[in-house]
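Following: one structure in structure tokens, then a few remarks.
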Amino acid sequence: MTLPDIKTTLPGPKARALIERDAAVVSPSYTRGYPLVIKRASGASVEDVDGNMFLDCAAGIAVNSTGHSHPDVVRAITEQAQRFIHMSGTDFYYDVQVRLAEEIASIVPIDGGARSFFSNSGTEAVEAAIKLARYATGRQNIIAFFGGFHGRTMGSLALTASKPVQRRGFAPFMPGVFHAPYPDCYRCPVGLKSEDCAAECLDFIEHQLFMHLMTPEEVAAIVIEPIQGEGGYVVAPTHFLERLRELTSAHGILLVIDEVQSGMGRTGKMLAIEYANVKPDIITIAKGIASGMPLGVTVARADLMTWPPGAHASTFGGNPVSCAAALATIKLLKDSLIANAAEVGAHMKAGLTALMDTHPLIGDVRGRGLMLGAELVRDRTTKERAVQERDAVVNAAFKRGLLVLGAGKNSIRFSPPLVLTREQADTAVRVFGEALTEVEGTRI
Ligand SMILES: Cc1ncc(COP(=O)(O)O)c(C=O)c1O
């Protein structure tokens, strides 16, 4: 089957009918960038209700790590569902949750043993990290970064500083949260060039926050995405993360690495933090861990996670079907998909970078593995953000059968299933180029 294969105008008639029904009864807060109505999917291909076939470089926001409905994952889900679907790991024990916690303890770069708290989503994984950090340190303040996205429940929302629309109307936020500049090397917050960078933006924490607002002893944790996801696929340099580890260790501050989007093989390593020489205290995981089944995990140093029974729990968290899907997912990642993400990702990044020669809209191509971003600008010198053009390119790609998502104000993210082949990567780059040509021809 050749992908993509678009047979109707988009949205087709069946898609249009469903979207109308949705508009009447579903919350309008969802960010539907374009009108895709899915019927079924397999690997990196998606079919809509009108029979159009799409190449998926969105993967349900970086979730379908093993591809849509991987047979091994479907089998694990089915077998577990036939045994039992729910028993609440909060109150009872079951083998599949223990096996998953053992597996996670063996793959995270945390020294001295790790324990897992299971929930259902990324935001819950971050909530648990916030609560654990406060509980374990007896301190209150949390530092996060501008551009960061950590979820939308009231604790993690206080950390989220990606787009005003995500916060507007929801104040007051959880107190004790402060933000620092993220090391966005394309738009260096302290005006340096990447080659001269010694992570000077980190000085803001020491020379501003710790000088004027609080002492380091009041800070429970610093929470950071090693690659900002929703914020625009911005990669923190490894030396920044290593200095951050030194800073936090020096003051007894816990370092929380949010791997909800960057984790589970996507970057060509199991976790993106493995690119740096950093041992975190807490890691949050969700999205790709269970190939689409809801699961959030807060993994912490074993000696930190000592809160007593009742301190934190979740009825559904660590659902056995999700745990079984996660075990099957991790096996597939280890067997071949992490390596595939590294290899096909490097190939795709080279393809996207080559597009810069012919497409002035692309200001920057970045990322690791199959977590790739292209930032669109109106002018490469001024770096004026091409906001409407970005939306137009995402839509033009959709009309050609390529599913991508926006990230940040003016970037496009490529977060395909990790089963993507080199040929599919070439197709994605070609179609993306065509979408750019269309939009560049009709400069907004
Ligand atoms: C880094 C990061 N943390 C947390 C979240 C929140 O995850 P969820 O939408 O599952 O609550 C996201 C979601 O995009 C994320 O990218």
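We number each residue from 1, following the sequence as shown.
The local environment of CZ in Arg115 is sparse, with at most 12 non-hydrogen atoms from other residues, nucleotides or ligands closer than 6.0 Å. With a 6.0 Å radius and a threshold of 12 heavy atoms from other residues, nucleotides or ligands, Ile85 has its CD1 atom at or below the threshold. Atom CE of Met87 sits in a sparse spot, with 12 or fewer heavy atoms from other residues, nucleotides or ligands closer than 6.0 Å.
Residues that satisfy the salt bridge (charged side-chain N to carboxylate O under 4.0 Å, His left out) test with Arg187, not counting sequence neighbours, are Glu375. Looking at residues two or more places apart in sequence or on another chain, you find no ring pair (Phe, Tyr, Trp, His ring centres under 6.0 Å) involving Tyr233. Under the side-chain contact (heavy atoms from CB on, under 4.5 Å) criterion, Glu246 pairs with Arg243, not counting sequence neighbours. Applying the side-chain hydrogen bond (donor to acceptor under 3.5 Å, both in side chains) rule to His86 yields no partners; only residues at least two apart in sequence or on another chain are considered. Looking at residues two or more places apart in sequence or on another chain, you find no side-chain hydrogen bond (donor to acceptor under 3.5 Å, both in side chains) involving Lys409. Residues forming a salt bridge (charged side-chain N to carboxylate O under 4.0 Å, His left out) with Glu218 (at least two apart in sequence, or on another chain): none. Under the rule for a side-chain contact (heavy atoms from CB on, under 4.5 Å), Tyr93 has no partner lying at least two apart in sequence or in another chain. Residues satisfying the salt bridge (charged side-chain N to carboxylate O under 4.0 Å, His left out) test with Arg21, not counting sequence neighbours, are none.
Residues Pro35 and Ile19 approach most closely at CB-CD1, 3.4 Å, considering heavy atoms. Considering all non-hydrogen atoms of both residues, Ile6 and Met53 come closest at CD1-O, 3.7 Å. Annotation for Leu333 and Ser65: closest pair CD2-CB, 4.5 Å, computed over non-hydrogen atoms. In terms of heavy-atom proximity, Leu418 sits nearest to Ala341 at CD2-CB, 4.1 Å. Here the shortest heavy-atom pairing between Gly318 and Tyr94 reads O-OH, 2.5 Å. Closest heavy-atom contact between Ala129 and Val256: CB-CG1, 4.0 Å.
A heavy-atom distance below 4.5 Å is not found between the side chains of Val219 and Ile205. In this structure the side chain of Leu403 never reaches within 4.5 angstrom of the side chain of Leu55, judged on heavy atoms. Considering only heavy atoms from C-beta on, Lys349 comes within 4.5 Å of Val365 through its side chain. Looking at Ser415 and Arg266, their side chains come closer than 4.5 Å, going by heavy atoms from C-beta outward. Here the side chains of Lys14 and Val37 are not in contact, with every heavy-atom distance at 4.5 Å or above. Inter-residue side-chain proximity for Ile224 and Tyr182 is flagged as met; some heavy-atom pair is nearer than 4.5 Å. Within the 4.5 Å cutoff, no side-chain heavy atoms of Lys331 are placed close to those of Asp72. By the 4.5 Å heavy-atom criterion applied to side chains, Ile227 and Gln261 are not counted as neighbours.
Not a single donor-acceptor pair under 3.5 Å links the side chain of Asp50 to the backbone N or O of Asn52. Between the side chain of Asn410 and the main chain of Arg390, no donor-acceptor pair closer than 3.5 Å is present. Panel note: side chain Arg16, backbone Pro11; a donor-acceptor pair is recorded below 3.5 Å. The backbone N or O of Gln140 sits less than 3.5 Å from a side-chain atom of Arg134, completing a donor-acceptor pair. The closest donor-acceptor contact from the side chain of Glu127 to the backbone of Gly155 lies under 3.5 Å. Under a 3.5 Å cut-off, the side chain of Ser119 and the backbone N or O of Gly317 do not form any donor-acceptor pair. In this structure, Arg167 contributes its side chain and Leu157 its backbone to a donor-acceptor pair below 3.5 Å. No donor-acceptor distance shorter than 3.5 angstrom exists from the side chain of Asn64 to the backbone of Gly67, with no hydrogens or angles considered.
Taking CG from Leu370 and CD from Glu343, the interatomic distance works out to 10.0 Å, rounded to the nearest 0.5 Å. Here CZ of Arg99 is found 4.5 Å from CG of Asp95. Values are rounded to the nearest 0.5 Å. Separation of atoms CG (Leu132) and CD1 (Ile282) is listed at 4.5 Å; rounding is to 0.5 Å. Taken to the nearest 0.5 Å, the CG atom of Asp364 stands 9.5 Å off from the SG atom of Cys185.
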Please report, to 0.1 Å, the donor-acceptor pairs under 3.5 Å made by any side chain of residues 284-297, with sequence neighbours excluded.
| unit_1 | atom_1 | unit_2 | atom_2 | d |
| --- | --- | --- | --- | --- |
| Thr284 | OG1 | Asp258 | OD1 | 3.1 |
| Ser291 | OG | Thr66 | OG1 | 2.6 |
| Ser291 | OG | Thr329 | OG1 | 2.7 |

Atom pairs and distances, side-chain donor-acceptor, residues 141-149, under 3.5 Å, sequence neighbours left out:
none

Using atom types as modelled, flag every donor-acceptor pair under 3.5 Å from a side chain in residues 173-181 to any protein atom, sequence neighbours excluded.
| unit_1 | atom_1 | unit_2 | atom_2 | d |
| --- | --- | --- | --- | --- |
| His179 | NE2 | Leu159 | O | 2.8 |

Ignoring hydrogens and angles, write down the donor-acceptor pairs under 3.5 Å from the side chains of residues 272-279, residues two or more places apart or on other chains.
| unit_1 | atom_1 | unit_2 | atom_2 | d |
| --- | --- | --- | --- | --- |
| Glu274 | OE2 | Leu271 | N | 2.9 |
| Tyr275 | OH | Thr267 | O | 2.6 |

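For the residue pair Gln424 / Thr427, no side-chain donor-acceptor distance below 3.5 Å is found, with atom types taken as modelled. If you check the side chains of Thr248 and Arg245, you find a donor sitting under 3.5 Å from an acceptor. Residues Gln166 and Thr160 have side chains that never bring a donor and an acceptor to within less than 3.5 angstrom of each other. With hydrogens and angles left out, the side-chain atoms of His347 and Asp426 include a donor and acceptor closer than 3.5 Å.
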Subject >> Test side chain to side chain donor-acceptor pair (under 3.5 Å) applied to Ser156 and Thr123, step by step >> reply: CA-CA 6 Å; Ser156 57; Thr123 197; 2.4 Å; yes
**OP:** For Glu230 and Ser162, run side chain to side chain donor-acceptor pair (under 3.5 Å): C-alpha distance rounded to whole Å, both residues' side-chain angles, the deciding distance at 0.1 Å, then the answer.
**Re:** CA-CA 7 Å; Glu230 214 282 326; Ser162 181; 2.5 Å; yes
Original post:
Going through the distances and angles, do Val235 and Met371 end up as a side chain to side chain contact (heavy atoms under 4.5 Å, CB included)?
Top reply: CA-CA 10 Å; Val235 183; Met371 184 169 189; over 6 Å; no
**OP:** Would you check, one step at a time, whether the test side chain to side chain contact (heavy atoms under 4.5 Å, CB included) holds for Leu100 with Phe118?
**Re:** CA-CA 10 Å; Leu100 179 58; Phe118 292 106; 3.7 Å; yes
**OP:** Apply the test side chain to side chain contact (heavy atoms under 4.5 Å, CB included) to residues Ile253 and His251: give CA-CA distance (whole Å), side-chain angles for both, the deciding distance (0.1 Å), then the verdict.
**Re:** CA-CA 5 Å; Ile253 298 169; His251 298 295; 3.7 Å; yes
Original post:
Is there a side chain to side chain contact (heavy atoms under 4.5 Å, CB included) between Ile330 and Leu332 once you walk through the steps?
Top reply: CA-CA 5 Å; Ile330 293 171; Leu332 287 163; over 6 Å; no
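A centroid separation of 6.0 Å or more is found between the aromatic rings of His312 and Tyr135.
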